[in-house]
Amino acid sequence: MRNILKCNILGLTLTLVLLFGFQMTKAKNSSLKLWYDQPANDWMTEALPIGNGRLGGMIFGGIDTEQIQYNEISLWTGDEKETGAYQAFGDLFIDFNKASEILHYKRELNIDNAVHTINYESNGVQYKREYFSSAKDQVMVMRISASQKGSCSGAIRMTDMHNGKIEFEDQKITVKGMLKNGLIYESGVVVLNDGGVVKVSGNSIKFEKTNTISLILAAGTNYLPDYNKGWRGENPHQKIEQQLKEASLRPYKQLLDRHIVDYQNLFKRVHLNVGESDPKVSELTTVKRLIAYKKGGEDPDLEELFFQYGRYLLISSSRPGSLPANLQGIWNNSNNPPWRSDYHSNINIQMNYWPAEVTNLSECHVPFLEYINNQREVRKKATQEFYKSRKGWTVQTENNIYGAGSFVWNPPASAWYCQHLWEHYAFTNDQKYLKDFAYPVLKEICEFWEERLIPDANGALVTPDGWSPEHGPHEPGVTYDQEIVWDLFTNYIEASKILNIDSEYRATVTALREKLLKPKVGKWGQLKEWSIDRDDSTDTHRHISHLFALHPGRQISVTATPELAAAARKTLISRGDQSTGWAMAWRINFWARMFDGNHAYKLLRNLMSIVGNVGTDYDKGGGIYSNLFDAHPPFQIDGNFGATAGIAEMLIQSQAGEICLLPALPDAWSKGSVKGLIARGGFVVDIAWVSGKVTTYRIASEKGGKVIIRVNGVVKTIKAAKL
């Protein structure tokens, strides 16, 4: 199936060059940097992430000792029965000769080219370190250089989080081990020097008086995403050796250039400009900017950085051929991480991929789609055993990479997964993908619900064992369930029509959809969360699961269902604007779908509030840390991805059969432009605006053709340009 998905993304890669004839109001990439004037002390709140989709590192930037904590996305305990947890891999340390004085220290992550740098002066010598994780060469690269020859000295050592065997050979360190579940893992680092001496000394490799030092790190496991092969492939040793050998033969400049070209092919597709920050503010460290912003300061460049940071994190933690981003992307320093650092199915894994299609990163969606497909066989067995069902499957709330789940069952989760299968088609128009990959899954999940739906006292079809995560009782007809099943049936019906197949079963699903219990307005004007009208108007719970139909669903909209939209607004106001990080991110998307840009912007500012809380807070402790990681708290990456998607929703929406330009533009962004966003139908959209009104726009696709748009309050049909 993987080849099918890879073919589907070729069309959208053409959007790399989007020179559509109008100028952005200014070049913004110079501001896409996080920077600090001191090393990181804390992994979660201060260290900075790099990644190639599979291999990730958190960089501390220490002066006497540098620490690079690294991960490989498939290092998991557990199996098909036990969920286990995502594991930390190890650390690479570089011990330097103690410096007497440090001047002009600067630690920086440039998300425009995905390169982390550290600069400082010591004893009159300028030192520079560079770090990146290359998808092109499948290695992490670190380089140390100095302004004077022979100035680089120190020692390199590695640690392993599972007591693996550490071996030294000439200028190479290798770590090998096996988890209790039989998963074989290995990592290795090669030390390359220009000048000076490099030698093994005890439990480290020392380098003395070198001009430069380059470290190349590779890591992997024998995990294989294939149920039929027992989730195991070849020993990773040969592949890692080959990766290290090939990368070591390339000059550093070539490795860097290959990395940047590969990364920017994705990242540079979208440009955003929502205003000019005061130059004095832009010169501040990221921490000082966040503090000033929290106090009410204006900093549109920081908002652009936060939007693009979500895209950076998605590119860095989700690439074709690997596993999807988990609760922490790929970055994890614990063998017992919060919530297993798992694939949480009641919103979190889905939120990770909300920005993928709309922000022109369709390729980055592929790992999640493949994950859905490769879990099916195990989930069918578990589902049919638990529910005594004959067809279809679903998942539990916590899920691993072998098909196992734990915590409560989440019956509509597989239907929510199906929304992603459908959306990938909706944005790409790839009928081969729809027919061969997505459609079979859509149909079997429809069959699961055909078998399970039951009539209520009034004859409406309801789900028998619903739960509005993580809130309220378990009972039939929960709104969350009903909306997701409606979404599944609607997507299946459209897919069947497009492919012109299964007309009889399409009629069956259409009849089921018509009989479903639909969203209802409650006694205080709210959207009811349960079939029984028990909603509490003082309840500020973080989950607002029953608004799925507003976002990411399409059953409720301001234009088509104004009464239900008004009820959703009542619910949103009641639940409040302060919550956990990911919950505030979802609220941004909700308010954008309500066409209320100022309220969406308020939620964005709430989320972008710097916090120091590192414990677990289920209520109102959310915000972001100084490294811009989302704080649940603790760190959960879904808030970053949800916020990026929310900003995109403020600028463009296409779920209602039309492309709506600037549907939720806040007053704070009165002038600006965006370039390269994607609308359903495979349309590339560029917009410029002044005083909150669209002044120029360009809508293009591979085939061109007519498209309905809503611009400055007017609905009209235009002819899209050809890419």
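The neighbour count for Lys518 NZ, taken as heavy atoms of other residues, nucleotides or ligands under 6.0 Å away, is above 12. A 6.0 Å sphere centred on CD of Glu82 holds no more than 12 heavy atoms belonging to other residues, nucleotides or ligands. Enclosure of atom NZ in Lys380 by more than 12 non-hydrogen atoms of other residues, nucleotides or ligands within 6.0 angstrom is indicated.
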Next item on the list: Please report the C-alpha distance between Tyr425 and Ile498 in whole Å, then the side-chain angles of each, then the deciding distance to 0.1 Å, and finally whether the side-chain contact (heavy atoms from CB on, under 4.5 Å) criterion is met.
Entry: CA-CA 11 Å; Tyr425 166 77; Ile498 290 165; 3.6 Å; yes
Next item on the list: Report the C-alpha separation of Trp422 and Leu434 in whole Å, then their side-chain angles, then the decisive distance to 0.1 Å, and conclude whether the side-chain contact (heavy atoms from CB on, under 4.5 Å) test is met.
Entry: CA-CA 8 Å; Trp422 168 255; Leu434 180 64; 4.3 Å; yes
Note to self: I'd like to know whether Asn410 forms a side-chain hydrogen bond (donor to acceptor under 3.5 Å, both in side chains) with Ser345, so could you lay out the CA-CA distance, the side-chain angles of the two residues, the decisive distance to 0.1 Å, and finally the verdict.
What the structure shows: CA-CA 7 Å; Asn410 184 13; Ser345 71; 3.1 Å; yes
Item checked: Residue pair Phe489, Ile484: steps toward the side-chain contact (heavy atoms from CB on, under 4.5 Å) verdict -> CA-CA 9 Å; Phe489 287 171; Ile484 294 177; over 6 Å; no
Next item on the list: Output, in order, the C-alpha distance, side-chain angles, deciding distance and verdict of salt bridge (charged side-chain N to carboxylate O under 4.0 Å, His left out) for Glu529 and Arg575.
Entry: CA-CA 12 Å; Glu529 187 165 5; Arg575 288 293 170 93; 2.7 Å; yes
Next item on the list: Would you sort out whether Tyr70 and Ser187 count as a side-chain hydrogen bond (donor to acceptor under 3.5 Å, both in side chains), showing the intermediate values?
Entry: CA-CA 10 Å; Tyr70 65 97; Ser187 65; 2.7 Å; yes
Checklist line | Tyr402 vs Trp76, ring pair (Phe, Tyr, Trp, His ring centres under 6.0 Å): CA-CA, chis, key distance, verdict | finding: CA-CA 9 Å; Tyr402 311 108; Trp76 266 83; 7.3 Å; no
Next item on the list: Could you check Gln87 against Tyr185 for side-chain hydrogen bond (donor to acceptor under 3.5 Å, both in side chains), going step by step and ending with a plain yes or no?
Entry: CA-CA 11 Å; Gln87 302 291 284; Tyr185 67 90; over 6 Å; no
Note to self: Between Glu363 and Arg319, does the salt bridge (charged side-chain N to carboxylate O under 4.0 Å, His left out) criterion hold? Intermediate values first, please.
What the structure shows: CA-CA 7 Å; Glu363 296 93 326; Arg319 291 286 200 106; over 6 Å; no
Notebook entry, point to check: Checking side-chain hydrogen bond (donor to acceptor under 3.5 Å, both in side chains) for the pair Asn346/Glu470: CA distance, chi angles, key distance, verdict?
Noted result: CA-CA 9 Å; Asn346 62 7; Glu470 298 162 358; 3.0 Å; yes
Checklist line | Steps toward side-chain contact (heavy atoms from CB on, under 4.5 Å) verdict (Leu421, Val441) | finding: CA-CA 8 Å; Leu421 295 171; Val441 185; 3.6 Å; yes
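Of the N and O atoms on the side chains of Gln396 and Ser406, not one donor lies less than 3.5 Å from an acceptor on the other residue. In this structure, a donor-acceptor pair under 3.5 Å is absent between the side chains of Asn348 and Asn352. Using modelled atom types, one finds no donor on one side chain facing an acceptor on the other under 3.5 Å when comparing His420 with Gln350. Glu444 and Trp393 share a side-chain donor-acceptor pair at under 3.5 Å. Using modelled atom types, one finds no donor on one side chain facing an acceptor on the other under 3.5 Å when comparing His541 with Asp539. Using modelled atom types and a 3.5 Å distance limit, the side chains of Glu451 and Tyr387 yield no donor-acceptor pair. With no hydrogens or angles considered, no side-chain donor-acceptor pair links Thr383 and Thr394 at under 3.5 Å. His344 and Glu398 form no side-chain donor-acceptor contact under 3.5 Å, judged by distance and modelled atom types alone. Asp533 and Gln526 are linked by a side-chain donor-acceptor pair at a separation below 3.5 angstrom, with hydrogens and angles left out of the test. Residues Ser496 and Asp502 bring no donor and acceptor atom of their side chains to less than 3.5 Å of each other.
Atoms CG and CG, on Asn589 and Leu603 in that order, are 9.5 Å from each other to the nearest 0.5 Å. Expressed to the nearest 0.5 Å, how far OG of Ser341 lies from CG of Asn335 amounts to 11.5 Å.
The side-chain heavy atoms of Ile544 and Arg587, taken from C-beta on, include a pair separated by under 4.5 Å. Using a 4.5 Å heavy-atom threshold, the side chains of Gln636 and Asp630 count as touching. Counting heavy atoms from C-beta on, the side chains of Val395 and Gln375 never come closer than 4.5 Å. Side-chain atoms of Asp226 and Trp231, non-hydrogen and from C-beta on, never get closer than 4.5 Å to each other. A heavy-atom distance below 4.5 Å is not found between the side chains of Asn181 and Met178.
Residue pairs meeting the salt bridge (charged side-chain N to carboxylate O under 4.0 Å, His left out) criterion with at least one partner in residues 416-428, sequence neighbours excluded, are Glu423-Arg680. Residue pairs that meet the salt bridge (charged side-chain N to carboxylate O under 4.0 Å, His left out) test with at least one member in residues 636-647, sequence neighbours left out, do not exist here.
Each of Arg506, Arg513, Arg554 was evaluated against Glu494; a single residue qualifies, Arg554, per the salt bridge (Lys or Arg N to Asp or Glu O under 4.0 Å) test. Just one of Glu80, Lys381, Glu377, Arg376 meets the side chain to side chain donor-acceptor pair (under 3.5 Å) condition when paired with Tyr227; it is Lys381. Just one residue in the list Tyr480, Trp586, Phe590, Trp416 forms a ring-ring contact (aromatic ring centres under 6.0 Å, His included) with Phe548, and that residue is Trp416.
With ring centers used as reference points, His543 lies 6.0 Å or more from His471. The distance between the ring centers of Phe368 and Tyr417 falls below 6.0 angstrom. Under the 6.0 Å cut-off for aromatic ring centres, His632 and Trp339 qualify, their centroids lying closer than that.
For the side chain to side chain contact (heavy atoms under 4.5 Å, CB included) test, residues two or more places apart in sequence or in another chain that qualify with Ala585 are Met351, Leu607. Considering only residues two or more places apart in sequence or on other chains, Thr479 meets the side chain to side chain contact (heavy atoms under 4.5 Å, CB included) condition with Glu483, His546. Here Arg54 pairs with Glu72, Gln138 under the side-chain hydrogen bond (donor to acceptor under 3.5 Å, both in side chains) rule; sequence neighbours left out.
Counting only distance, with no hydrogens or angles, the side chain of Thr359 and the backbone of Pro355 share a donor-acceptor pair below 3.5 Å.
Figure legend: cation-pi geometry between Lys443 and Tyr492 absent, as NZ or CZ is not positioned both under 6.0 Å from the six-membered ring centre and within 45° of its axis.
The minimum heavy-atom distance between Tyr371 and Leu323, with the atom names listed, is CD1-CD2, 4.4 Å. The nearest pair of heavy atoms linking Asp465 to Pro411 is OD1-CG, 3.9 Å.
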Please tabulate, one pair per line, all N/O donor-acceptor pairs under 3.5 Å involving side-chain atoms of residues 641-648, not counting sequence neighbours.
unit_1 : atom_1 : unit_2 : atom_2 : d
Thr644 : OG1    : Phe307 : O      : 2.9
Thr644 : OG1    : Asn640 : O      : 3.3

